[in-house]
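Working notes, beginning with the structure itself.
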Amino acid sequence: MPVTSYLALGAILFCLGLYGVMTKRNAVIVLFSIELMLNAANINLVAFSKYGLYANQMGQVFGLFTITIAAAEAAVGIAILFALYQHRQTVSVDRYNTLKG
Amino acid sequence: MDYTESYVTIVVFVLLGLALPVVALTMGRLLRPYQPSAAKTITYESGVDPTGGGWVQYNVRYYLFALLFVVFDVEAVFLYPWAVAYDSLRADVGLFILVEMLIFVFFLLIGLLYAWKKKVLEWS
Amino acid sequence: MMEGLLQTLPTWIIFSPLFGVLVLLFLPRAQTAWLRGVGVAATVPPLLLAVLMAIRFDVTIATVQFQQKITWFSIPIQQGVGLDFHYHLGVDGLSLPLVVLTAIIAVLAAIASALYIRERLKGYFTVFLLLEVGMMGVFMARDLFLFFLFFEVTLVTLFFLIGIWGAVYRERAANQFLLYNGVGSALMLLGFIGLLFLFQTLDLEQLRQMSANPELGLVMEQDPIIRNLVWTVFLALVIAFGIKLPIFPFHSWMLRVHTEAPPAVVMVHSGVLLKMGAYGLIRFGVDLFPAQVVAIAPWLGLLGVINILYGAVLAFVQTDLKRVLAFSSVSHMGIILLGIAALNDIGLQGAVFQAVSHGFISALLFFFIGALYQRTRTTDIRELGGLSRSVPVLSGIFLAGGLALLGLPGMSGFIAEFQAFLGFFSPFPVLAAIGVIGLILTAVYTLRAVMQINFGPISERWASLSDLKAKEAAPMLVMLGLIMLIGVWPAVLGDPMQTTIQTIVSKIGG
Amino acid sequence: MTTWMVLGPALLMAVVLGFVTYAILFERKVLGWMQGRIGPNRVGPWGILQTVADILKLLLKEDIIPERADRTLFRIAPVIAFVPSFVVLAVIPFTDRWLFADIGVGLLYYLALSSITTIGMLAGGWASNNKYALLGSMRSAAQMISYEIPLVMSVVGVIMAAGTLNLVEIVQAQEQVWFILPQILGFAVFFVASLAELNRTPFDLPEAESELVAGYHVEYTGFRFAFFMLAEYVYVFAMAALTTVLFLGGWNPLFDLTFIPPILWFILKFLLIVFLLIWIRGTMPRMRVDQLMEMGWKVLLPLALVNIFLSAVLKEVPVIGQFY
Amino acid sequence: MERYLLDYDWTVMGPELIVLAAAALLSIVDLFLKADSDRRWLGGVGLAAIIAAGVFAAFQLGNPPYEVLADTYRVDDFGLILKLILLAGAALLFLSSLSSVRDDGIQAQGEYYYLLLAALLGGMLMTASADMITLFVGLELLSISSYILVGLRKRRMESAEAAWKYVVMGGVSSAFILYGMSFAYGLTGTTNLYEMQARLADAYGGGYELFVYLSLFLMLFGFGFKVAAAPFHMWAPDVYQGAATTVTAFLSVVSKTAAFALIFRVVFGGYYFLYQSQMEEPLSAQALLILAAASMVVGNTIALRQINLKRMLAYSSVAHAGYMLVPLATLGFLFESLIYYLIAYLFMTLGAFVVLMLVEHRTGAETLHAFAGLSRKNPLLAAAMALFMVSLAGIPITAGFIGKFYILMGAVGTDHLWLAGLMLVTTVVSYYYYFGVIRMMYFRTPLTSERFPLPIGAGIVILVSVVGTLALGFMPQWTLDWLATLDWGAALIPIQSGGG
């Protein structure tokens with residue numbers, strides 16, 4: 001069943017992305033770990049579109065939409081990072097710690 | 001020619017394309033001299049001694065152009081299937097298809113207009 | 001018109017202070033004399049109406065009188081069926097004395113407030129009048145939802161009264177008040193919701209009918225879920241009202257309130273609000289769940305005795321007069337508990353008597369404290385002394401109040417304690433005997449306080465105090481008069497409540 | 001997997017390399033003539049072996065990697081730049097029988113892969129550890145992505161007319177009229193954008209030696225540098241071929257002159273485009289970077305969009321609608 | 001035969017189209033205004049658009065469910081009510097910002113208005129979608145617009161930092177939701193939530209239980225973030241604190257309502273088969289129970305220590321999310337109590353935030369101490385805030401009490417006594433911090449004793465909120481009757497296709 005290998009790929013990428021978000025200190029890496037997670041889900045969608053229980057094209061259409069959305073989210077993320085950088089002169093997420101409590 | 005054949009051909013092209021540099025550079029390694037010296041490897045800055053590190057702070061306008069690129073590229077992603085299916089769709093619903101895409105492009109044009117007005121598109 | 005007025009009397013009694021609030025809102029802040037006048041005047045209509053109601057009350061019938069019932073809202077469960085909540089008011093023999101008590105104490109407390117509260121009078125009287133609305137509503141509500149609503153009103157208003165106009169540690173007192181009473185309210189709500197699901201209604205009349213239904217006992221024996229639910233509800237309500245009463249060990253908030261709140265507020269609090277706990281215990285405990293009360297009666301009795309002794313012993317060692325009175329309140333509330341635990345009509349009657357009596361006595365004593373504090377700026381027993389020489393009238397009233405507190409025959413306290421212990425003695429003679437010791441202790445600490453303050457060497461500071469003015473003395477004398485009236489003519493209080501209490505007690509037996 | 005499948009691409013590569021060699025020579029010669037001089041004519045008769053000599057020279061030059069450069073990336077960058085340029089040739093149909101891969105999304109494949117070269121440029125600039133290289137690569141990347149959009153949008157009209165992304169079918173749809181006529185606006189935009197994508201004058205700011213010290217390939221020596229140049233010229237081949245396929249009718253004959261074989265038609269049109277590119281290089285001055293960027297976004301993109309909707313609208317017009 | 005948009009009745013999409021058109025119009029107009037001209041009339045246009053959309057939506061109430069656009073856009077009573085709540089919240093926010101947005105420190109006023117409209121549009125889309133794709137698109141539209149709105153005051157460090165945290169957390173949660181959706185798609189081959197019902201049941205029976213649960217739990221993970229339920233609430237305090245107060249109000253009310261729509265559509269639209277079978281307590285209900293309980297406990301206890309009022313309100317909204325999850329978990333009075341509480345929550349939270357906004361503008365601080373002595377500076381404002389706090393705490397004669405009572409009845413009625421008890425306990429705990437604000441206002445003396453004026457827009461909003469809170473508390477009957485007339489069950493079943 002070829003679908004399990006795609007699912008495994010998706011799962012690995014997803015977990016890698018999650019790991020990146022949680023542990024990396026560089027903000028840019030955090031952002032593209034999020035992208036990695038979204039793309040892992042995309043792989044899943046496309047794989048299911050071909051090999052799922054009821055294979056049809058909706059998966060690819062869905063994938064198309066989510067690519068768009070992921071792009072928009074990344075763009076906004078970087079813009080916010082720029083604003084943060086103006087204030088803090090660093091991309092290390094440890095230094096973004098004024099809000100506490 | 002059928003589906004898999006085409007893609008196999010493409011793979012062959014890729015391999016060939018990779019092979020050329022490898023072959024050429026290997027040949028070159030055999031043929032060319034190798035005499036490293038300190039002066040040769042320092043960074044080139046029009047002949048004067050280099051100052052500062054090898055990096056420079058990016059200006060935000062690069063990001064803005066990249067952002068605009070992403071937005072319009074994604075728009076192109078949506079335009080292509082629409083264009084391919086245009087004729088057959090037109091037979092079913094007429095000009096409505098055009099209006100739909102017009103609305104879509106209109107919203108993206110608002111974005112372009114925004115960038116235009118906020119002087120993002122100028123390389124100052 | 002008279003008939004219409006009579007029919008809607010409870011509503012008028014409850015909401016008439018709002019006229020005063022309305023007037024107060026439009027008075028400018030600076031006109032303190034007007035504010036005081038309006039504040040006091042606004043408490044008079046409820047008093048008059050309450051007296052009218054008392055006169056028109058038929059002591060011979062046991063049903064609820066002056067009933068008003070309007071459907072308020074209904075939560076639909078299925079097509080056409082819904083849970084109904086009503087605006088249902090009414091008075092019976094149990095609530096009538098408390099309503100009158102509230103009305104009288106409200107007026108007297110208003111006078112005390114006018115005399116002794118110095119700042120932000122507009123806000124004070126507004127909140128005070130709202131408190132009166134809440135208290136009246138609590139005693140006259142016949143629908144549990146409405147009861148809860150008015151109960152919460154008293155909670156919120158009292159929070160403000162303690163926290164803004166209190167003494168040094170007022171905020172802590174207000175917080176503690178809120179916390180304990182909040183828990184109590186939550187438990188009460190839980191109990192009410194449980195009742196709602198058991199009986200599909202929160203209307204008191206329907207609840208009384210359903211809980212008196214012997215089928216309920218059968219169902220409870222068979223179905224453990226229902227039995228658990230009933231017991232849970234019952235215990236929740238007992239604890240909730242126990243916090244209010246207060247029963248040891250839930251009493252610490254009350255001590256704080258007594259010491260930190262302004263004396264005028266304590267008059268109301270100690271005089272009326274604590275009695276809400278008693279009212280709740282009787283109305284929702286004994287009236288709705290007689291079988292369960294019978295089951296826990298020994299415990300209630302024990303707790304009552306503990307209250308009495310604990311309060312008395314600790315009152316003895318206090319140095320601040322306010323705390324003495326606070327512990328004494330704990331002690332006297334224990335007597336109410338005894339009366340309830342007795343489960344016979346004498347005991348129950350004694351409990352209600354004690355509620356009313358202690359209300360007046362407590363109000364009197366705290367009025368006294370208000371007057372005292374205004375003059376001496378301290379309530380520490382060790383510092384005060386020999387007041388009988390500088391302010392004879394004031395100290396005389398204090399002496400009289402103290403005597404009433406310890407239950408001197410001829411005063412209402414004696415009647416109340418006598419009945420309560422008499423009733424309690426039959427089922428629990430041993431506990432009763434122990435409880436009597438408490439009475440002796442009461443005398444001890446009371447007399448100690450009185451002696452210390454009134455007699456003894458006078459210090460310089462108190463040599464030139466001004467004595468009571470007429471406007472201060474008059475209310476105190478009125479209270480004293482009422483105390484003595486009940487003391488020598490108990491029927492004035494006993495008759496109205498008799499039939500109601502008999503109805504309640506008959507359920508216990510049956 | 002027939003041998004033809006491997007031999008064909010190899011043959012194509014040889015052809016392309018030959019083309020590159022002589023295109024460079026051709027260009028230098030033509031530029032020279034346009035500028036009133038002769039151009040290279042020393043090495044070999046009429047300068048024919050000039051490029052060969054250049055290539056040999058580059059091959060024999062010492063390979064210097066700057067001291068703190070990222071060595072792996074430094075080595076890979078030219079490869080990343082070159083490989084897509086060759087791989088895109090796979091889909092181009094030279095005639096209806098001489099083609100390599102006939103995939104349904106040929107046009108999309110071409111446009112998608114050609115973007116990868118940008119990454120190679122960026123990698124090269126970054127790996128050089130030279131701030132001017134970095135700046136140069138950023139600028140050229142910005143230029144390339146800015147013009148990619150009009151490029152991509154301008155062919156949408158063609159797609160609408162042909163109803164497919166398959167390059168063979170697009171050529172077949174031009175049997176009556178080449179798309180350059182109905183899609184004249186699209187062609188104009190496409191051509192200008194392709195000039196920018198090829199980094200040719202007037203858009204050759206990234207390569208201009210006098211600007212930013214030769215841009216992103218300043219630290220590259222020897223054959224590595226050659227690969228960047230090779231990539232550029234292979235792209236010229238590919239882009240000219242694509243223009244021919246999309247707008248000039250591919251191998252379709254003009255005026256029914258079918259006695260000329262289709263491949264020859266293709267080559268003729270192809271050479272025309274190449275000449276046009278060289279001509280423009282000789283004639284026009286270089287654009288400033290801000291004019292460049294502004295033109296891409298403010299002029300070309302709106303024009304491309306207008307073209308799309310114009311095509312859609314003109315489809316409705318009774319007579320000429322069939323050509324749209 | 002494909003059905004195209006023109007075959008349907010366009011006006012069902014009226015609300016969304018109006019808001020969309022308004023957003024587009026505002027963005028274009030804003031570009032052509034001069035930089036320093038007063039942009040408040042843009043807000044007025046936006047407000048008018050919202051009201052028009054609300055009128056449209058209200059007219060559609062009572063019709064049977066209707067789906068357009070290849071069954072992706074669905075109009076049923078439940079969705080319409082939620083849409084109306086969203087519109088009401090946004091309208092009130094617009095009204096309050098008309099007078100005060102400049103004081104908030106938001107330099108980019110035009111963007112603020114149309115971004116708010118865009119986010120509102122995303123939320124509306126979420127309430128009206130029957131398909132996972134539109135649900136996700138709506139969710140992302142709302143989220144991304146919110147990210148930008150939070151970071152709009154880019155001169156302030158906290159806003160940028162809050163926006164950053166929001167982006168990261170929001171991105172991760174969206175990824176989880178998408179991942180879960182991909183599995184759901186894989187099992188059923190369709191992205192339509194109502195078609196999924198039957199097919200998921202088949203998959204469940206066919207041995208793919210694990211995947212069904214996996215997809216559901218992945219999605220619940222993401223939903224937990226979006227609705228700010230514990231233990232996924234970490235972003236809420238920071239984001240609420242860093243954003244401008246009107247944006248915080250928007251997040252707290254509109255975002256949350258839309259997130260509840262999301263949960264409902266997926267769990268009860270797509271995974272409804274879990275409830276239809278005779279299982280006693282499906283895992284989804286248990287998971288929601290845990291979420292609810294955790295949120296109540298965490299929200300109320302951590303709020304006790306907060307001094308910054310926005311953080312306190314953030315934790316309080318976590319707790320309220322917990323209360324609102326209870327009907328979803330216990331299924332007692334599911335629709336009525338949830339909607340009732342959402343409406344009550346809208347009024348009291350919006351009112352509280354608007355008052356907070358006013359106080360913040362005058363005193364420059366958002367801590368508790370800024371409220372000191374408010375009763376002397378502006379007694380009406382203090383009274384209103386006291387009412388909102390009391391309502392949030394759940395004391396009678398307020399909407400908050402009736403709402404909680406309703407939910408409690410549902411919980412007790414479905415035999416979740418421990419949950420009801422927990423809810424009561426945490427409510428009592430919450431008294432402390434809600435009354436803390438009241439303490440500040442009434443018991444303390446103010447630093448300065450100047451009275452401060454009430455701007456008109458904010459004043460109207462506070463008035464409406466006060467009236468709403470009291471009306472829902474005093475006379476719940478009208479609302480209850482109205483809610484009973486709506487057809488709730490229609491939101492759970494697919495539409496019988498085959499008609500024209």
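The structure presented is a predicted model; accordingly, all values stated were derived computationally and were not measured. Just so we're on the same page: letters track the sequence lines, and every chain starts at 1.
- Heavy-atom pairs under 4.5 Å with chain E peak, among G10(A), G59(A), S33(A), G52(A), at G59(A).
- Inter-residue side-chain proximity for M157(E) and L84(A) is flagged as met; some heavy-atom pair is nearer than 4.5 Å.
- Annotation for I80(A) and A163(E): closest pair CD1-CB, 3.6 Å, computed over non-hydrogen atoms.
- The CZ atom of F176(E) lies 11.0 Å from the CG atom of L38(A); values are rounded to the nearest 0.5 Å.
- In this structure, chain A has no heavy atom under 4.5 Å from any part of S143(E).
- In F211(E), the CZ atom is not crowded: 12 or fewer heavy atoms of neighbouring residues, nucleotides or ligands sit closer than 6.0 Å.
- Atom CG of residue L7(A) and atom CZ of residue F183(E) lie 5.5 Å apart, to the nearest 0.5 angstrom.
- I144(E) and A72(A) make their closest contact through CD1-CB, 3.9 Å (heavy atoms, listed as atom of the first residue, atom of the second, distance).
- In this structure, the portion of V93(A) lying under 4.5 Å from any heavy atom of chain E is its side chain and not its backbone.
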Between F65(A) and F136(E), does a ring-ring contact (aromatic ring centres under 6.0 Å, His included) hold up when you go through it step by step? CA-CA 9 Å; F65(A) 276 95; F136(E) 191 69; 9.8 Å; no

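- Atom-to-atom distance recorded for Y54(A):OH and T188(E):OG1 is 7.5 Å, nearest 0.5 angstrom.
- Contact record, V167(E) with I34(A): O-CD1, 4.3 Å, taken as the closest heavy-atom pair.
- Chosen from M181(E), R199(E), M132(E), E158(E), the residue pairing most often with chain A at heavy-atom distances under 4.5 Å is R199(E).
- For chain E, the nearby parts of F62(A) are the backbone and the side chain; heavy atoms of each come within less than 4.5 Å.
- Looking only at heavy-atom pairs under 4.5 Å with chain A, the residue among V137(E), L178(E), L141(E), I148(E) that has the most is L178(E).
- Looking at every heavy atom in both residues, M37(A) comes nearest to A175(E) through CB-CB, 3.6 Å.
- With chain A as partner, the option from V168(E), V150(E), T191(E) having the largest number of non-hydrogen pairs under 4.5 angstrom is V168(E).
- For A75(A), no part lies near chain E; criterion is any non-hydrogen pair under 4.5 Å.
- Counting heavy-atom pairs under 4.5 Å between each of A55(A), A47(A), S49(A) and chain E puts S49(A) at the top.
- More than 12 heavy atoms of other shown residues, nucleotides or ligands fall within 6.0 angstrom of atom CG in L16(A).
- Between the CD atom of E161(E) and the CZ atom of R88(A) there is a distance of 7.0 Å, given to the nearest 0.5 Å.
- Heavy-atom distances place no part of A79(A) under 4.5 Å from chain E, backbone and side chain included.
- Side-chain contact between I133(E) and M58(A) is present, with heavy atoms from C-beta onward closer than 4.5 Å.
- Residues Y147(E) and E73(A) share a closest heavy-atom pair of OH-OE2, 3.5 Å.
- The main-chain N or O of S182(E) is never found under 3.5 Å from a side-chain atom of N44(A) such that the two would form a donor-acceptor pair.
- Taking the six-membered ring where the residue is Trp, F48(A) and Y185(E) present perpendicular rings, their angle passing 60° and hence far from 30°.
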